[in-house]
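Below you'll find the structure, written out as C-alpha cells, and then a few comments.
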Amino acid sequence: MGKTKTKFICQECGYESPKWMGKCPGCSNWNTFVEEIEKRDTKKNTRGISSTRLMKLKDIAVEEEKRISTTYSELDRVLGGGIVNSSLVLVGGDPGIGKSTLLMQTADRVAKQDQKVLYVTGEESARQIKIRAERLGMESNNIYILAETNVEHIINSLEKLNPNLLILDSIQTIYNPEITSAPGSVSQVKEVTATIMRITKSSDMSTFIVGHVTKQGSIAGPRVLEHMVDTVLYFEGDTQHSYRILRAVKNRYGSTNEVGVFQMNDAGLEEIINPSSFFLESRTENSYGSVIAASMEGTRPLLIEIQALISHSSFGVPRRVTTGVDNSRAAMLMAVLEKKAGIQLQNSDAYINVIGGMQVKETAVDLPILCAIASSFKEINIDQNTIIMGEVGLSGEVRGIKDIDKRIKEAQKMGFKRAVVPFSNTKNVKNDKDSEEIEILNVKTIEEVLDILL
Ligand code: TYD
Ligand code: MG
C-alpha cells in the first residue's frame, strides 16, 4: 500500500496543487480548491484502450462504425447519425433543463428497437422514475431501472444485464467507495468516468452520461471529462421558453456545431423538425422595428425575428439593452448608423431583442439588426415578406456571408418574396426550382439598404 497523499483540486477546471490557493491559476475562479485524498492508483490504463498491439497504420482495418438510431431525427443529427456502438456521450446542461426527460424518452425509443437499456439514476427513486415514465407515455418493456450511486454495484448490474445502452444520471451523484472525496468532486467524477469508459470501450454497449452545469457555466467536474468522452452535447434553453436546443460541442463521430431543436410540453420533449416556422409563428404583423433574419445554426438555416425599440432617453446616458445578440456588436451597428446614415441615436434608448429567447452570435445578423433599429427610429415598417442578411463593416459596407444558398432556400420555403443579400454573395445565389421565385436585391452599402427598405 502506498502512502495516502492529499492534494488540492480546483472543482471548476481540475487544476491540481499541493497547497491551498484562493484563486485558481487555471481558470481564475475564486474559492474553488477542495482538499482531496488521493489513493495511489495501480490501474495504469485508465484511457480505456486495452489493446497494446503494435501495428502498421496501413494495416489497420476500419469498418463503418455501427450506429443505433434514436428515431429522433434532431438527436440523430447532433450525434452525427445515431448512437455509435461503444461510444461515450456526455450530456451537459443546467439543472431542470430536461436532460433526464430527453434521455428517458431516448431510452424508450431505443428499447423499442429490441435493444436492452439500463437507466441508472442517482437523483431520483425508482418510484419517481416510474411516475415520470408514465407521464411520458413510455411503454417499452426493455428498459431496466437501477437507483444506485455506488459504481461497483452499477458494474455488477451491468455484468448481469449486458445492456446495449447505458444511461448514467448523473455523474455528480455516482461515486467509487475506494476514493474518499465526496461524490461530484473532480477525483470522483474522473474515476467513475474512467471506469465506465473502460467498460464501454471493451463492449458493444454505448453510454450516455448526464452532467450538471454549475453557475459559472462549466459542468462541475465534467468539464474535466470533456477530453475523455467521445461526444459532448449541451442541452440549452431558458426556463421562460419551452424550446430547448441540443448542441454538439465535441464529436469524434460527426460534425460539431450541429443543433437539434426540441420543445418541452406536458408530455415531455417533442422534436421541432421545422424550427423556422416555430420561431416565426407569433411574428408581429406590420409593426416597425421588426425584421426577419436568416441565421445559421450549425449546418441548418434558421429564420428568426429581431425587434428593436428606439425611444427617447430621459437620462443623460442612454440605455442600450440587448437580449439574444451581442451588446458591443449592437453598439457598433448604432455607431455605424450615426456616422454613415445620419441617424442620430445619442439621445435615444435602444432595446434589441431576438424573439423566442434565441441567442444569435453570427455576424450575418448585423444587417437585420441595423435595419430593425433604423425602422424603429424612423417609425416605418419593413415589408414582412422581405428577409435580410449580411455582415456590416465599420465604413457602412455590407459584407458577404457564408451558406447564402441554404438561407435563401429556407426563406423561399417559408414563403418570403424578397431577399436583401450582400453584393459579394451574388454569384452564389441560386433560386430554388421547387419553390416560388424570390426576388434577390444585391446591396453594397447600408445607405442602399435603407433606401430600398425605408
Ligand atoms: P428534467 O428532465 O428533470 O431536467 P434535468 O434532468 O435536466 O434536471 O426536467 C425538469 C423540468 O421539465 C421540470 O421542471 C418539469 C419539466 N417537465 C415538463 O414540462 N414536462 C414533462 O413531461 C416533464 C417530464 C418535465
Ligand atoms: Mg435530471
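In each ligand, atom 1 is the first atom listed, and ligand 1 is the first ligand listed.
Listed by chain and number, Ser100 OG are the protein N/O/S atoms closer than 2.8 Å to the Mg ion (ligand 2), with waters left out.
A donor-acceptor pair shorter than 3.5 Å can be found between the side chains of Ser170 and Glu123. Side-chain contact check for His153 and Glu148: at least one donor-acceptor pair (N or O, by modelled atom type) lies under 3.5 Å.
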I'd like the atom pairs linking ligand 1 to the protein - N or O on both sides, separation under 3.5 Å - with distances to 0.1 Å.
unit_1   : atom_1 : unit_2 : atom_2 : d
ligand 1 : 2 (O)  : Ser100 : N      : 3.3
ligand 1 : 2 (O)  : Thr101 : N      : 2.8
ligand 1 : 2 (O)  : Thr101 : OG1    : 2.5
ligand 1 : 2 (O)  : Arg132 : NH1    : 3.2
ligand 1 : 3 (O)  : Arg132 : NH1    : 3.2
ligand 1 : 3 (O)  : Arg132 : NH2    : 3.0
ligand 1 : 4 (O)  : Gly98  : N      : 3.1
ligand 1 : 6 (O)  : Ser100 : N      : 2.9
ligand 1 : 6 (O)  : Ser100 : OG     : 2.6
ligand 1 : 7 (O)  : Ile97  : N      : 3.4
ligand 1 : 7 (O)  : Gly98  : N      : 3.0
ligand 1 : 7 (O)  : Lys99  : N      : 2.8
ligand 1 : 7 (O)  : Lys99  : NZ     : 2.8
ligand 1 : 8 (O)  : Gly96  : N      : 2.7
ligand 1 : 20 (N) : Arg135 : NH2    : 3.2
ligand 1 : 20 (N) : Asn265 : O      : 2.9
ligand 1 : 22 (O) : Arg135 : NE     : 3.4
ligand 1 : 22 (O) : Asp266 : O      : 3.0
ligand 1 : 22 (O) : Gly268 : N      : 2.8

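Here the CG-CD1 distance, from Asp114 to Ile68, works out to 11.5 Å after rounding to the nearest 0.5 Å.
Among all heavy-atom pairs drawn from Ile438 and Arg418, the shortest one is CG1-N, 3.8 Å.
Side chain of Asn176 to main chain of Val192: no donor-acceptor pair is present (N/O by atom type, distance under 3.5 Å, no hydrogens or angles). At least one donor-acceptor pair closer than 3.5 Å links the side chain of Gln11 to the backbone N or O of Val186.
Among residues two or more places apart in sequence or in another chain, the side-chain contact (heavy atoms from CB on, under 4.5 Å) test is passed with Asp349 by Ser311, Ser313, Pro318, Arg319, Tyr351. By the side chain to side chain donor-acceptor pair (under 3.5 Å) test, Asp366 is found to be paired with Arg329, residues two or more places apart in sequence or in another chain being considered.
Test Leu269, Leu75, Val117, Thr71 against Thr106 for side chain to side chain contact (heavy atoms under 4.5 Å, CB included) and you get one pass: Leu75.
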